[in-house]
Amino acid sequence: MAASEVRLLTATLSETSNAPADVGVTNDGRSAGLFTDVLAGHFAEALSRYEAQPWLQLKQRPFTSTSDYFQAVEEQIRQHTSAADSLLQLQAAVASFLIFIQANLTGPPAPIPECPAGLYSHPGNDEVAPGATTPTSVMGRDTVSNGDRWARQQLAVDGEEVTGKVRLPQYLLLARTLLTAPLGLSFMHSKEDEPIDGDQVSEVLTDLPSWSWWTARVLLTNQRLLNRSAATLRSALSMLMPQVLKFFGPESTLELGDSRRNLAAAAELECALVEHVYSSPHTALGHLQAAGQALGMQTSVEGAMGVRTAHQVDPKAQLVISTSHIAQDNGYSSGEDSAALDSMSLGSQAESSELKGLTTDSDVLSAPRMVEGSGGAVKRPLGGLEQAVLLGWAQQVKKGTSADELQAWQMAPYVEAVLRQQRSHPVIRASAKLLQARHERTRTRTLERSLMHLQQLAEAPIQPHPPAMARLRHAFGVLFPLRAALRKELGEQLLSTGLVGAAMGLFEEEDLWDSLIICYRLLHKLPQAQQLVQARLQVTPDDASLLCALGDITLDDKHYHKAWEVSKGRSTRAQRSLARSAQRQQHWEEAEGHWEKALGLNPLFSQGWFAMGYCCMKTHRTQRALEAFTRCAQQEPDNGEAWNNIAAIHLQLQHAPEAFSALSEAVKYKRDSWQTWANYGQAAAQTGNNLPAARAVQKVMELTQGQRVEVDMLAVLVQQMQNSRQEHGMQGSDTPGADHTQQQLEQAVAAALKAASAAAGSTPAVWGLYAQYYRSMGFQVSAKEALLKQIRGLQGSSWQKDSAAFETYARASLQLCQSYVEAVSSGQGTAQNLASARMHLRTTLQQAAQTQAESELYHQMQELLQEAESLEHTEAEKRRAEKS
């Protein structure tokens, strides 16, 4: 492995690096000025050196458009295939990529032509010449050159739109072309579906192992430009990240020198970030743990006493991070002074009139002030990679837990641990500040400070200091948003605080037309929104996203069809909009067809799979609906509605075990839905999972405040418990003994019955089940009391006229009176019991004589009355004989 590859990678981690002597020379003896310029942070100068000219200058072929230029670059790549050429090609790609990162993520701004060809020559004959600039402006004038617009179209993988204004997109496209073309991963000219040549990929990666890492970074950056996940990029990253771990992970066999441990940790960390971007926290967890192990760092969340407000007197328990280090400090720089970064890298206070009067002062502390000796102190300063790992754990909490009010507090200790560091790197510090600002905007007392900090972070890339290379370190180890996305977030926060004018100005600057339209909607100015879109369409009539926006305003499907047409069948938004329009009109088959087309372009859209499943259910295509909901749940495991619908289909198909499995997932994410708990309990009861069923009964009552009682489910549970006792040979008040499961079941059923009997929605049937439970447990007296309560509850109903109500009342009466008779027959009852049975039966028979005399239960009560009277006469004779 070339030493320069290691130097390029470590340069993105720390300024400290032990460079072997041969890093400045390629195999054929050519100067590596390009390489040294990259290390110095002079990326444009590096790309303009003659080492990069074989791919970029292209004197032998004049071009008239940006697309011609990039086609020529691809041809040059195919002609230069030697090992030395490949290394220079890698370095040129890295330089081009870092130009884009400097312009869109880290800063500071630099005067660089829009097209890479502008680094070598005067502008060509493009409609807007490469290297030219266009006036910033707005509604009726173009803010993007034709070359940049074409580059944005190429970066819009799988039909997903690029978000906002992107600075220098041609440099990212150039880096992607230089890195992916030799691997057979061409994303241009609709070649996304071409098969990948595994042998070709293996050969390139074996000669230059860092190629896979830089390619993965470029593709992940491309993904972060898009408004939604792209399946093609996900597939490519799934191929590349294992290669990164193979060459640089903990099990690597390459000679990496002193950088081995840090490169292994960085590789694992970036693998985790890829999984976070694609919402796979379970996979990311293993990578984060491996990153910590590579650094010899163990992290845990503990409690310590501290205060969170300036005037708080009594300390309270606070969550803090505790770190222990198995290995020595890695020797990599911890960065610059944090206080200096806050004053220099985060920018100055905003000058906009809308934000005047706002302040960062608050009596709520940015981080808790810990009581001395209570814990929470950092044992030693953390290096840059260690701080990045802590922020990775914060992202893990965000992606792996439910989005409730506790989530931000669970993330807070990781963020606060980074912010406490006296030295840090610009991007790491900014990432921690951003996470803190997102937390603080959820609280009224810190809302102003959150807004001001977010404003400072959005201004940071235009500040002249620190220099570019210092800002670059660890930029790929954290998920700090690109400039357009960050400014969009700032605009949305301005909008949420009522600063509509400031938000509209920001959205206009960043070409965020959809967000600007939302502002007009909030101001009830839809005609102005329509004029805005039409003005933009006069400049760019083939902009599919604007046509879709016009369709959203006018609710006219013709604009979506035109967007699909001008995009040449590549606009997923057009098909999604057509599908939603068809759903609003309840044209389910038509909507299903549009979702098929949209998901055919990009299947990584969980909401689309869910909507398609719903349409299939409406058209009675049950199997297809099941497949769609399953795809949705696979992509979005925390979608409780998808799991619930999967279960509903399985119940419809009488697949009870599959339904129970799906509902077990659904209740994790829909904990406040009593309907989901009710379905869960029914599936559990059908599959013999009695303990979960009993828990579900109680949750339904808890969530409905006792208004709903699942009597049918309770009946199944009582019967299951009774059958289980019989199977175990238990009679009467026998205890389950060593059978812990049976004991748990009996306790759960008892708790459910107790809660049901006290619930506001309780019915007399609950007391009947209570009586059945008591009888099976051998508590005869309690069973009689429960039956008596059931009868009293039924007496208020019109049971004399309603056959079903009479049947319920008669059965309860027969059970009660039969228990009285049996008790007396066994010598345990009294004469009073027989008298009560006799009077109750006589009264019941008299009231039901006119309407229910032909009923079987009526005749059974007559027979029981005769038996009770006969037994009562016999008992009276016995008592008289005893007295005489």
Side-chain angles (χ1 to χ4, degrees), residues 1-13 35 38 77 81 83-98 100-101 157 172-187 192 194-224 230 232-256 259-260 262-278 280 283-284 286-287 290-291 294 475-477:
M1 177 178 179
S4 57
E5 290 188 75
V6 179
R7 283 290 304 275
L8 276 177
L9 289 172
T10 56
T12 63
L13 303 179
F35 169 72
V38 171
I77 292 172
T81 57
D85 285 338
S86 295
L87 180 57
L88 286 173
Q89 182 178 334
L90 172 63
Q91 294 171 359
V94 171
S96 182
F97 176 48
L98 296 183
F100 177 84
I101 292 297
V157 182
L172 179 62
L173 182 60
L174 175 61
R176 193 184 76 178
T177 303
L178 290 171
L179 290 171
T180 59
L183 301 180
L185 297 173
S186 178
F187 297 90
E192 293 90 337
E194 291 185 0
I196 298 171
D197 187 342
D199 294 336
Q200 180 183 6
V201 171
S202 177
E203 181 181 351
V204 175
L205 299 185
T206 302
D207 293 340
L208 295 170
S210 66
W211 196 294
S212 59
W213 202 339
W214 284 108
T215 307
R217 286 175 169 179
V218 168
L219 295 184
L220 183 60
T221 303
N222 193 165
Q223 173 61 78
R224 295 179 65 196
T232 302
L233 292 174
R234 176 59 166 141
S235 176
L237 285 166
S238 298
M239 182 201 74
L240 291 168
M241 296 315 293
Q243 295 294 323
V244 174
L245 292 179
K246 173 184 174 182
F247 292 124
F248 299 98
E251 305 299 326
S252 173
T253 58
L254 296 178
E255 293 295 333
L256 301 174
S259 304
R260 172 180 296 278
N262 297 285
L263 288 174
E268 292 284 1
L269 177 59
E270 292 186 35
C271 285
L273 296 186
V274 170
E275 299 301 333
H276 285 155
V277 168
Y278 290 102
S280 300
T283 309
H287 291 303
F476 307 112

Colleague: Can you name the residues that form a side chain to side chain donor-acceptor pair (under 3.5 Å) with Thr12, not counting sequence neighbours?
Modeller: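 If we apply the side chain to side chain donor-acceptor pair (under 3.5 Å) test to Thr12, skipping adjacent residues, the hits are Arg217.
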
Colleague: Check whether any side-chain N or O of Ser96 sits under 3.5 Å from a backbone N or O of Ala93 as a donor-acceptor pair, and report yes or no.
Modeller: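 No; zero donor-acceptor contacts below 3.5 Å.
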
Colleague: Enter the distance from Leu273:CG to His287:NE2 here, rounded to the nearest 0.5 Å.
Modeller: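 One gets 10.5 Å once the value is rounded to the nearest 0.5 Å.
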
Colleague: When rounded to the nearest 0.5 angstrom, what is the spacing between CZ in Phe248 and CG in Leu9?
Modeller: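 So the CZ of Phe248 and the CG of Leu9 are separated by 5.0 Å.
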
Colleague: Quick check: closest heavy atoms across Ser4 and Gln91, and the distance to 0.1 Å?
Modeller: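 Minimum heavy-atom contact is OG-NE2, 3.7 Å.
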
Colleague: The criterion is side chain to side chain donor-acceptor pair (under 3.5 Å); which residues satisfy it with Trp213, sequence neighbours excluded?
Modeller: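 Side chain to side chain donor-acceptor pair (under 3.5 Å) check on Trp213 returns Glu270.
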
Colleague: Any donor-acceptor pair under 3.5 Å linking the side chain of Glu5 with the backbone of Ser210?
Modeller: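 Such a contact is found between Glu5 side chain and Ser210 backbone.
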
Colleague: Taking atom OG1 of Thr180 and atom CG of Leu219, what is their separation to the nearest 0.5 Å?
Modeller: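 Rounded to the nearest 0.5 Å, the OG1-CG separation comes to 7.0 Å.
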
Colleague: Give me the atom names and distance for the closest heavy-atom approach of Leu237 to Pro242.
Modeller: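 The pair with the smallest heavy-atom distance is O-CD, 4.2 Å.
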
Colleague: Is there a side-chain contact between Asn262 and Thr10, using heavy atoms and a 4.5 Å cut-off?
Modeller: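 No, every pair of side-chain atoms sits at 4.5 Å or beyond.
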
Colleague: Could you tell me the separation between the CG atom of Leu178 and the CG atom of Leu88, rounded to the nearest 0.5 Å?
Modeller: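 Answer rounded to 0.5 Å: 11.5 Å.
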
Colleague: List the residues meeting ring pair (Phe, Tyr, Trp, His ring centres under 6.0 Å) with Phe476, not counting sequence neighbours, and say none if there are none.
Modeller: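 Scan of Phe476 (ring pair (Phe, Tyr, Trp, His ring centres under 6.0 Å), adjacent residues dropped) gives Phe97.
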
Colleague: Do Glu255 and Val6 make a side-chain contact, defined as non-hydrogen atoms from C-beta onward lying under 4.5 Å apart?
Modeller: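 Side chain of Glu255 against side chain of Val6, heavy atoms only: no contact under 4.5 Å found.
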
Colleague: I would like to know whether Thr283 and Tyr278 meet side chain to side chain contact (heavy atoms under 4.5 Å, CB included); could you show each step before the answer?
Modeller: CA-CA 10 Å; Thr283 309; Tyr278 290 102; over 6 Å; no

Colleague: Determine whether Leu240 and Leu183 make a side-chain contact, defined as any pair of heavy atoms from C-beta on separated by less than 4.5 Å.
Modeller: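 Yes, side chains in contact.
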
Colleague: Between CD of Gln89 and CD1 of Ile77, what distance do you get to the nearest 0.5 Å?
Modeller: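 The CD atom of Gln89 sits 5.0 Å away from the CD1 atom of Ile77.
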
Colleague: Do the side chains of Arg234 and Ser238 get nearer than 4.5 Å, heavy atoms only?
Modeller: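 When only atoms from C-beta onward are counted, Arg234 and Ser238 do touch, with a gap below 4.5 Å.
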
Colleague: Ignoring hydrogens and angles, tell me if any N or O in the side chain of Gln223 forms a donor-acceptor pair with the backbone of Ala230 under 3.5 Å.
Modeller: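 Such a contact is found between Gln223 side chain and Ala230 backbone.
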
Colleague: Evaluate the side-chain proximity of Leu173 to Asn222: yes if any heavy-atom separation is below 4.5 Å, no if none is.
Modeller: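 No; the side chains remain at least 4.5 Å from each other.
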
Colleague: To the closest 0.5 Å, what do you measure between CG (Leu87) and CZ (Phe35)?
Modeller: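 Atom-to-atom, Leu87:CG and Phe35:CZ are 9.0 Å apart.
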
